[in-house]
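Everything below concerns the one structure shown next.
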Amino acid sequence: MTGDRRKISRRAVLGSLGAVVAAARVGWRPALAAPAGIVQKAIPATGERMPVIGMGSWITFNVGDDEKLRDARVEVLRTFFDRGGAMIDSSPMYGSSEDVIGYGLARLKNTQDLFSATKVWTPLQWHGVKQMESSLDLWGLETFDLLQVHNLLNWEGHLETLLEWKAHGRVRYIGVTTSHGSRHDELEKIMMAQPIDFVQFTYNVLDRAAEKRLLPLAAERGLAVIVNRPFRRGALFDRFADKPLPEWAGECDCANWAQIFLKFIVSHPAVTCAIPATTRVDHMQENMGAAYGRLPDGALRTRIVRYIESL
Amino acid sequence: MLPFSREAFFAVFAHYNAAIWPAHIAAYALGGLLVLLALKPRPGNGRIVAAVLAIAWLWMGIVYHMLYFAPINWGAWVFGTFFIGQGLLLAWAGIRGKLDVHFKRNLFGAVGLGFIAFSMILYPLIGLATDHGWPRGPMFGVAPCPTVIFTVGMLLITTPRAPVHLLIVPVLWSLIGGAAAWQLGILEDLALPIAGISGVCLVFWKNRRARGLA
């Protein structure tokens with residue numbers, strides 16, 4: 001009996017190991033403890049859940065070699081992770097941002113929930129491979145969670161590489177990006193025809209063109225949606241920050257304009273994650289606050305738009 | 001839209017200026033020498049003018065743009081290439097004896113000297129009076145903006161005619177730099193497009209007059 005149990009145990013162990021290997025190849029990773037109450041959405045391709053508020057790094061993390069500025073960004077990252085953040089989005093186009101992100105990740109202990117997302121941004125396919133290898137180096141990672149073709153630049157060539165990397169386990173998800181509401185027609189064609197997992201585009205309380213076609217199409221095609229320019233690079237604050245918060249902001253647990261802007265975005269059923277960027281710890285606290293509490297329902301979303309348009 | 005913040009831009013200068021100190025002293029000494037050569041001209045002073053300007057532009061192209069600015073702005077590789085090109089053109093102009101300078105009491109001399117004085121004296125003082133004095137601000141001779149204004153000034157006092165092709169890169173930079181200055185709120189750099197556009201008009205006028213008198 002003992003011998004049989006030993007045989008069964010060895011078989012069971014080997015079987016479990018095989019299951020783990022198989023799971024790793026398709027990109028499963030164990031659910032990590034997210035802070036209680038954080039709002040998460042599922043990535044349609046796998047069902048993996050992620051917090052609805054991530055972090056962008058355009059301009060904000062491009063601080064070169066200045067140690068003081070880099071250390072200040074480490075504190076922003078610390079707050080991001082402390083508040084349950086996961087997705088960090090960057091690109092080689094963003095100057096030293098990837099280097100600074102890597103600097104921060106190397107100095108923080110609580111980065112186990114990191115969902116690393118960067119881009120390939122070059123017209124040459126062969127150079128894209130070098131760029132992605134360099135990004136891994138800068139971030140200090142062995143693999144990326146998400147690689148995206150930035151602003152659709154040579155997307156045909158780079159998607160070929162990204163699919164190869166995905167097959168070899170060097171990236172878990174792949175996608176494409178645009179911004180500023182540009183090239184939506186081309187993006188739509190890619191979403192209809194290409195085997196991608198994520199799309200990224202601009203959507204916010206004033207720039208709502210994506211509601212007409214891209215967001216419904218993403219839902220239809222089972223694509224995760226990352227939203228960039230949630231604040232129109234701060235222009236929404238310039239325009240509305242001195243206006244009073246509507247009294248019904250409390251209905252969706254919003255304490256400030258950043259949370260109203262962000263919750264409007266992430267409450268759209270097709271949106272997976274928004275990626276606001278900031279250089280400040282207090283602003284990061286505000287942004288991450290949008291990942292907690294109630295999200296506006298359809299009626300409240302309409303009220304938000306009407307209120308904004310009335311100001 | 002610039003890919004970097006004002007804060008990051010001045011941080012680059014702080015690092016750059018600290019790293020290359022005391023090159024600024026040499027830059028000012030050489031700039032002063034060029035002014036002296038313009039005020040007390042001798043035959044062939046153009047070779048010294050060309051050599052000093054060429055070194056400055058080559059330095060800015062390789063050291064400033066490619067080593068220090070490129071980490072926060074990928075466009076710096078392109079700018080650096082153009083600055084290196086300008087440095088080589090200046091060197092060639094010097095070899096051909098085309099950059100003799102002679103300050104004359106006329107409109108071109110006055111404006112040229114005005115640009116030179118602005119780039120060496122007023123420019124850093126405006127930076128100091130706003131929020132980017134030493135070491136955070138661009139400095140004459142080692143940074144593009146004040147050196148471009150200085151170069152335009154020197155071309156205005158080149159005799160008998162200024163090589164027009166030596167204005168192409170300075171004028172381009174005056175527009176690029178001026179646009180960036182507007183976005184970053186750098187007051188002294190608003191003089192860049194003024195120097196570039198007025199400089200090219202004045203050089204054309206000066207050259208026409210010199211051809212007419214010849």
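All values below come from the heavy atoms of this structure, side chains included, with hydrogens, waters and symmetry mates left out. Numbered from 1 within each chain, the chains take letters A, B, ... in sequence-line order.
Geometric assessment of R107(A) against the ring of Y103(A) yields a positive cation-pi assignment under the 6.0 Å and 45° thresholds.
Of the listed residues (A11(B), A70(B), P3(B)), the one with the most heavy-atom contacts under 4.5 Å to chain A is P3(B). Your options are D66(A), D99(A), T279(A), and the one with the most heavy-atom pairs under 4.5 Å with chain B is D66(A). Looking only at heavy-atom pairs under 4.5 Å with chain A, the residue among A76(B), P71(B), A8(B) that has the most is P71(B).
Note: F198(A) and Y173(A) have perpendicular aromatic rings, judged against thresholds of 30 and 60 degrees for the angle between ring planes. Ring-plane geometry between H132(B) and F10(B) is classed as parallel, the angle between the planes falling under 30 degrees on a 0 to 90 degree scale with a further cut at 60.
Residue L187(A) comes nearest to T178(A) through the heavy atom pair CD2-OG1, 4.0 Å, listed as atom of the first residue, atom of the second, then distance.
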